[in-house]
Amino acid sequence: MKFFHLSDLHLGKRVNEFSMLEDQWDILQKIVVLAKKYKPDAVFIAGDVYDKSMPIVEAVQLLDRFLVWLNELEVAVFIVSGNHDNAERVAFGADLLKNSRIHIVQSYNRKITPVTLSDEYGDINIWMLPYLKPSLVRRHFPDREIATYSDAISAALSNVDLDASTRNVLIAHQFVTGAITSESEEISVGGSENVDGSVFDGFDYVALGHIHCPQKIGRETLRYSGTPLKYSFSEVSHTKSITVVDMAGKGKITITELPLIPLREMREIRGAYNEVMSRSNYRGTNTNDYVRVILTDESDEPDALAKLRNVYPNLMRLEYDNRRTRTAISLEIVTSTEKKTPSQLFGELFEMQNGQAMNEKQSKYVENLFNDIWKEVANS
């Protein structure tokens, strides 16, 4: 049996205020073309289907179209929710969609049952686990000590009735210790979300989501597929792909990757202003790519952003790397050691993503929200 392993679609995402919807439409169509060619029996989507818990209409429409395309090919689809998703919204219509071979895990309620597929080698049990936090699992196991994410996943999987004589696949969205991360993921400070890979030892293949770089963790069959598109400049060197899993008999698994070619690449260009302005004339640079330009001139070029966008219309970021900026970075590192409240850190993130600071009403709301969270943590 053959599976396509995908994750972290982040439908509706904006990168440096550029909407990725057109790129996402394009890459999902290319995945469907590959499905027509390679004929997988099922597609796994291991969480972060959407970029926001309340996705924009266009993102919902895109997922709907993708599922219709796959359904027309008679390909089964298995979807779990990630930390960016609202589990209830993602699972809307889950019971009805089962009749169309589309299986969506619903909110965690302790009970985990598999979907069983069969081929000439016997049964394959597909288990699905949404993104879990210790606080969510703890309420279902009041007599068990659950302090860490590893504790939580271990407890949740203790309720799985595994038949070791058959093939078992798990689809999950968690941060497994040892994974190589990127700037575009939401990873907790200090690694508090870490899950020990050993909690998944009973499964023949584990289709993971959450980490944007495709990779194995320890064994070949404990894998992240990565995102289908690059969502930060820390991913410039990544080769995005579909992870293809071919399962024969028990213990016989072959894993390959199908490269995905985006509508627009993401690249970095570094050099003096005059060099960068002329770079489109050689080396085959596609000026429609998403670009981060790093100018090395010692003095700032007036209106550099506007001028560069005449050559690179999808210029996402403009930075300088010179004596002045290196000094500023050193000062920033020193001042960043000052203690900031969660509200202040959120305010900085808001301003970075929206190009403006929160107003007084928004700031007060965020402050009250964090106060409520700390009270809940203290009482848990």
Side-chain angles (χ1 to χ4, degrees), residues 1-13 24-25 27-29 31-32 34-35 40-56 58-109 111-117 124-132 136 153 156 160 168-174 200 203 205-212 223-229 242-245 260:
M1 193 165 289
K2 181 183 294 180
F3 307 120
F4 275 10
H5 172 191
L6 304 170
S7 76
D8 297 86
L9 306 182
H10 287 281
L11 300 180
K13 188 173 182 63
Q24 291 170 336
W25 271 99
I27 208 68
L28 292 188
Q29 289 180 76
I31 291 170
V32 172
L34 290 170
D41 297 283
V43 170
F44 303 151
I45 304 177
D48 281 356
V49 180
Y50 298 118
D51 192 54
K52 305 291 183 186
S53 59
M54 297 185 67
I56 59 174
E58 292 85 354
V60 177
Q61 292 171 337
L62 178 50
L63 178 64
D64 178 70
R65 176 46 47 192
F66 185 48
L67 295 180
V68 169
W69 288 332
L70 292 174
N71 190 58
E72 288 172 350
L73 296 177
E74 299 185 355
V75 176
V77 181
F78 295 82
I79 302 174
V80 305
S81 54
N83 57 301
H84 279 252
D85 298 312
N86 178 294
E88 288 78 13
R89 288 190 174 92
V90 169
F92 173 78
D95 289 333
L96 180 64
L97 288 170
K98 288 177 183 176
N99 297 325
S100 300
R101 297 180 296 276
I102 296 170
H103 307 276
I104 307 176
V105 71
Q106 302 193 36
S107 299
Y108 178 71
N109 63 357
K111 184 179 180 182
I112 304 174
T113 55
V115 176
T116 301
L117 305 178
I124 300 178
N125 294 317
I126 313 295
W127 306 83
M128 297 187 288
L129 198 65
Y131 177 71
L132 295 179
L136 177 60
I153 303 306
V160 170
N168 292 282
V169 173
L170 176 69
I171 309 170
H173 189 94
Q174 301 290 158
F200 303 115
F203 296 92
Y205 183 82
V206 183
L208 292 168
H210 195 31
I211 301 302
H212 291 186
R223 300 187 75 92
Y224 287 102
S225 64
T227 54
L229 291 169
I242 299 170
T243 301
V244 183
V245 184
L260 290 170

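Computed from a predicted structure; not experimentally measured.
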Nearest-0.5 Å distance, [atom1] of residue [X] to [atom2] of residue [Y]:
X: R89; Y: M54; atom1: CZ; atom2: CE; value: 4.5 Å
X: L34; Y: I242; atom1: CG; atom2: CD1; value: 4.5 Å
X: L129; Y: L170; atom1: CG; atom2: CG; value: 6.0 Å
X: L62; Y: Q29; atom1: CG; atom2: CD; value: 9.0 Å
X: T113; Y: N125; atom1: OG1; atom2: CG; value: 10.5 Å
X: L11; Y: E58; atom1: CG; atom2: CD; value: 11.5 Å

For side-chain contact (heavy atoms from CB on, under 4.5 Å), just list the numbers for L117 and D41, CA-CA rounded to whole Å, side-chain angles, deciding distance to a tenth of an Å, and then say yes or no. CA-CA 9 Å; L117 305 178; D41 297 283; 5.6 Å; no

What verdict does the side-chain contact (heavy atoms from CB on, under 4.5 Å) test give for I79 and L67, after you've listed the backbone C-alpha separation in whole Å, the side-chain angles of each residue and the deciding distance to 0.1 Å? CA-CA 11 Å; I79 302 174; L67 295 180; 4.1 Å; yes

Sole candidate of V115, I45, V169 that passes side chain to side chain contact (heavy atoms under 4.5 Å, CB included) when paired with F78: V115

Indicate yes or no for a side-chain donor-acceptor contact from [X] to the backbone of [Y] under 3.5 Å, with no hydrogens or angles considered.
X: Q24; Y: H10; answer: yes
X: D8; Y: G226; answer: no
X: D85; Y: Y50; answer: yes
X: R101; Y: N71; answer: yes
X: S7; Y: S225; answer: no
X: D48; Y: N83; answer: yes
X: H84; Y: D51; answer: yes
X: H173; Y: A46; answer: yes

Using 30° and 60° as the class limits, which term best fits the ring planes of H5 and Y205: parallel, tilted or perpendicular? perpendicular

I want to check something: taking the side chain as every heavy atom from C-beta on, are [X] and [Y] in contact at a cut-off of under 4.5 Å?
X: V32; Y: E72; answer: no
X: P40; Y: F3; answer: no
X: I153; Y: Q174; answer: yes

Heavy-atom pair with the smallest gap, counting every atom of [X] and [Y]:
X: L9; Y: V49; answer: CB-O, 3.6 Å
X: F4; Y: I31; answer: CE2-O, 4.2 Å
X: A35; Y: L70; answer: CB-CD2, 4.4 Å
X: V80; Y: V105; answer: CA-CG1, 3.4 Å
X: F200; Y: V206; answer: CB-CG2, 3.7 Å
X: S107; Y: E88; answer: OG-OE2, 2.7 Å

Chi angles and distances behind the side-chain contact (heavy atoms from CB on, under 4.5 Å) call for I126, F44: CA-CA 10 Å; I126 313 295; F44 303 151; 4.2 Å; yes

